[in-house]
There are 4 protein chains.
Amino acid sequence: MNRELKKEQTRARIKEAALSLFSEQGYEPATVEAIAKQAGVAKGTFFNYFASKDELICDLQGLFATNEAAKLKDTPGPLVPRLQLLIFEIVKRFELNKPLTRALFQGMLGNGSSLVKHNELLGALSETLLPLVRQAQENGEIRKDMPAEMLAQQAFQTYFGTLFVWAMEAGDEPLATRMTMTFELFFKGIAPQ
Amino acid sequence: MNRELKKEQTRARIKEAALSLFSEQGYEPATVEAIAKQAGVAKGTFFNYFASKDELICDLQGLFATNEAAKLKDTPGPLVPRLQLLIFEIVKRFELNKPLTRALFQGMLGNGSSLVKHNELLGALSETLLPLVRQAQENGEIRKDMPAEMLAQQAFQTYFGTLFVWAMEAGDEPLATRMTMTFELFFKGIAPQ
Amino acid sequence: MNRELKKEQTRARIKEAALSLFSEQGYEPATVEAIAKQAGVAKGTFFNYFASKDELICDLQGLFATNEAAKLKDTPGPLVPRLQLLIFEIVKRFELNKPLTRALFQGMLGNGSSLVKHNELLGALSETLLPLVRQAQENGEIRKDMPAEMLAQQAFQTYFGTLFVWAMEAGDEPLATRMTMTFELFFKGIAPQ
Amino acid sequence: MNRELKKEQTRARIKEAALSLFSEQGYEPATVEAIAKQAGVAKGTFFNYFASKDELICDLQGLFATNEAAKLKDTPGPLVPRLQLLIFEIVKRFELNKPLTRALFQGMLGNGSSLVKHNELLGALSETLLPLVRQAQENGEIRKDMPAEMLAQQAFQTYFGTLFVWAMEAGDEPLATRMTMTFELFFKGIAPQ
DNA sequence: GATGAATGAGGGTTCATTCAT
DNA sequence: GATGAATGAACCCTCATTCAT
């Protein structure tokens, strides 16, 4: 439907505008009015698509996570190198710059439902990851003396820690190499004794 | 001086009040007025002690870091176990609860001078850490194929990642055990080949 | 005509929906969108039937008045008891609850054309009433030392005063008995010396 | 105290400004911003004095009532003529014009706490009135076959009915004469048989 | 005729900050 | 040094109304 399509586009334009302004100005200074203007719609229109600025952030925090890991399921062979590759590709794809990353973090932290969403996202990701981790434990790729859940949690910490420290730093080195290196250490840490 | 002492106390009371309210309500909802009231001073008085709410956050972010590592300098023997112990003791001491941690993160992220301060703090910490790391590399406790700076950076990532993921989770498990475990993996990751 | 009928029904459905929502939520909170939804039409459709929310209120304020008095015209005999009976029956019929009454008052008061309509309605009612009043004055049922217009005006005051005070009260006693009693006093007040 | 005095003045200025704008433009069009401007204060200052526009209306509805009746208590002699005189003087004093009266009605009707306040005011007024009414019943000035509470209620109806119908009319005749006349009828209605 | 996405002025309200007392 | 009234920009959000489909 033409109507339907247009709505989708408007929604996308608003999200893009938000990302653009968060990158330029940060979370708080990027007001709903400014976002709407940048998206080429009226302020009221913003609220036809997102009940609040908070809801927008909830939506946007999806950028932090993907479920690409699902692709690895049911394929045989050693997992660790493929996970490493996966991480590299994921990080490479989403172009989070530092100010945007900070803005997203900030938006998430000051917002109860973002918190809930965050945990849902991590939960869903865990669902995908857990069987793979267990399989890797069986294969002897990963140490068996830690529960898979804990290992997944450690992976998340590694991920967000890298993201956070990177985003807070002044320089402009790319995230991808840093993330890759960090996960190298991580995989070494969780290798069997 | 009596005068001097009183000022110090007032300042301390304001900081305590802020921590208490950030814990209860989060960063934004804890208004300057509420903090002042909780501290038993007038709103205007707050600004005699902190130039802005942002400056207060800058001050408070010191809670994330200590320079206890300095104690380790110039003492011989293996470093890694002592570092682990140090981390455990640091984390155990400062009682950051989850809402407060989130509030501090949020305050830091939306505030340019906090960013600067953050990097200064990490820089200073690096200063202390670097010689120790190099020494440990010499001793063969830590892999030599990564520059000490990078290793320190990795440590920070590990630290903040743990803090962040923990602060975002729903439960109320203590930070200390989690942090210890995480650093166990970390030290394993950075052990020599 | 089928077409004509359907329009009439839709219009009626919208009015019913409005009354229902005004009763539940009051005048302002009952948005055009909510009314349309309750009536089972789209928001835009509302405006095909009423040029504005104000016009709807104009339409609805007819609930405050009827011209049943016309029935009394040209029948002989004492008027006062019949008028009393009439009032009782009128009030009994239209089921104005308190929140709805307040909502209608509110809608009327904030709306220029409602004001005009209100005066038109009262004017028309006067037209009907005046001959009857004069007749009653001739009959010696009502004092002659006040012009009929003034007496009609007094009746309106009595009517709206009762309505208003009743609508503002907390309880849920029925309007009918109150109105009857009030008009008993009123008729006593306008009886001949 | 000078400080205290100034606050009082500011509060008074805001109320005056509100009355002035309600008279000119009606309830809704008189925005808080406009009221503040007219009062010569910033918009934020308005909210230092009134938590909301609704609260202002609550405050203002006091204009509808006074407790001058208290003066009559404990003085001997016939009450009815003194009550009539009292009403005349009350109405004469407060200069409610028609648009303002409509605005106040409108503000009260759309506001839950105004409703409560209204009933409190009438309750307090009843407290004062009831002993007088009973005394008048004893004196044989007022009919004894109706409870005093009901008579007070009837008086309120008479009062607000007159106010409402007068405020809705187009002309500009003074309220005082109308009110006096209406209460003449009312007192006749409640005279002993 | 029906639809509902788009509008956008304006709503009430908040709060960090200033400054006269 | 302490106070708290005043500030006013900016906040998020509402909703009657329009109009292209």
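Below, all heavy atoms of this structure are taken into account, side chains as well, without hydrogens, waters or symmetry copies. Each chain gets a letter, A, B and so on, in the order its sequence line appears, and its residues count up from 1.
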**Study point:** S23(A) side chain vs L19(A) backbone, donor-acceptor pair below 3.5 Å
**Key:** yes
Check your understanding: Quick check, are the ring centers of F105(A) and F64(A) under 6.0 angstrom apart?
Key -> yes
Practice item. Compute both the distance and the angle, then confirm whether K37(B) meets the cation-pi test with F46(B): under 6.0 Å from the six-membered ring centre, within 45 degrees of the axis. Key: no
Point to revise | Integer-rounded Å distance: dG1(E) C1' and L5(C) CG | key: 16 Å
Check your understanding: Would L109(B) and L115(B) count as a side chain to side chain contact (heavy atoms under 4.5 Å, CB included) if you check the C-alpha gap in whole Å, the side-chain angles of each, and the deciding distance to 0.1 Å?
Key -> CA-CA 7 Å; L109(B) 284 158; L115(B) 217 138; over 6 Å; no
Practice item. Classify the ring geometry between F160(B) and F164(A) as parallel (under 30°), tilted (30 to 60°) or perpendicular (over 60°). Key: tilted
Check your understanding: Has Y49(A) got a side-chain N or O lying under 4.0 Å from the OP1 or OP2 atom of dA6(E)?
Key -> yes
Review point. Rounded to the nearest Å, what distance is computed from the CG atom of residue L56(D) to the P atom of nucleotide dG12(E)?
Key: 11 Å
Practice item. Assign K7(A) to base, sugar-phosphate, or nothing according to its heavy-atom contacts below 4.0 angstrom with the strands shown. Key: sugar-phosphate
Review point. What is the per-nucleotide protein-contact pattern of nucleotides 12-17 of chain F, from the 5' end, where B denotes a base atom under 4.0 Å from a protein heavy atom, S denotes such proximity for sugar-phosphate atoms only, and - denotes neither?
Key: BBBSBB
Exercise for review: State the dot-bracket string of DNA chain E. Criteria: Watson-Crick or G-U wobble, both atom distances under 3.5 angstrom; notation: ( ) intrastrand, [ ] crossing earlier pairs, | interstrand, . unpaired.
Suggested key: .||||||||||||||||||||
Check your understanding: In whole angstrom, what separates K6(A)'s NZ from dT7(E)'s P?
Key -> 10 Å
Practice item. Indicate whether the side chain of E55(B) and that of S113(B) have a donor and an acceptor atom separated by less than 3.5 Å. Key: no
Check your understanding: Over how many whole Å does the gap from K37(A) atom NZ to dA6(E) atom C1' extend?
Key -> 18 Å
**Study point:** Below 4.0 Å: OP1/OP2 of dA6(F) and any side-chain N or O of T10(D)
**Key:** yes
